[in-house]
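Beneath this line is the structure, given in structure tokens, with notes to follow.
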Amino acid sequence: MIEDRRKICELLVPVLREMDGMRNVTGLDYRPDREIVYVIFATGLQRAVDAGGTGAQMVQNIVQCA
């Protein structure tokens with residue numbers, strides 16, 4: 001089965017909002033052409049995060065950007 005990283009990002013946003021340091025996350029924008037996820041904060045700040053080789057690595061990289 002192929003991982004749907006866009007769906008992983010959609011499902012991850014509500015979880016991130018429950019975590020200290022990530023409560024102001026408004027969205028995640030996965031860019032498969034660049035293998036990057038943009039973490040979007042309520043302040044307008046966006047952080048680029050490496051999507052990694054697997055969905056698990058992507059989630060770990062996103063959580064570590066806080």
Does [X] reach the main-chain N or O of [Y] with its side chain, forming a donor-acceptor pair under 3.5 Å?
X: Gln57; Y: Gly53; result: yes
X: Asn61; Y: Val49; result: no
X: Arg17; Y: Thr26; result: yes

Are Val37 and Phe41 connected in the hydrophobic side-chain network, where two residues link if heavy atoms are under 4.5 Å apart?
yes
Please say yes or no: joined through hydrophobic side-chain contacts below 4.5 Å, possibly via intermediate residues, are Val39 and Leu45 part of one cluster?
yes
Please find the pair of heavy atoms, one from [X] and one from [Y], that lie closest to each other, and give the distance.
X: Leu28; Y: Cys9; value: CD1-O, 3.5 Å
X: Ile8; Y: Gly55; value: CD1-CA, 4.2 Å
X: Arg6; Y: Pro32; value: NH2-CD, 3.5 Å
X: Met19; Y: Val63; value: CE-CG1, 3.6 Å

Do [X] and [Y] have side chains that approach each other closer than 4.5 Å (heavy atoms only, starting at C-beta)?
X: Leu16; Y: Ile62; answer: yes
X: Arg31; Y: Tyr38; answer: yes
X: Met58; Y: Glu35; answer: no

About how many Å separate SG of Cys65 and CG of Asp50, when rounded to the nearest 0.5 Å?
12.0 Å
Tell me yes or no: between the side chains of Tyr30 and Arg34, is some donor less than 3.5 Å from an acceptor?
no
From the list Leu11, Leu12, Val15, side-chain contact (heavy atoms from CB on, under 4.5 Å) partner of Val59 resolves to Leu12
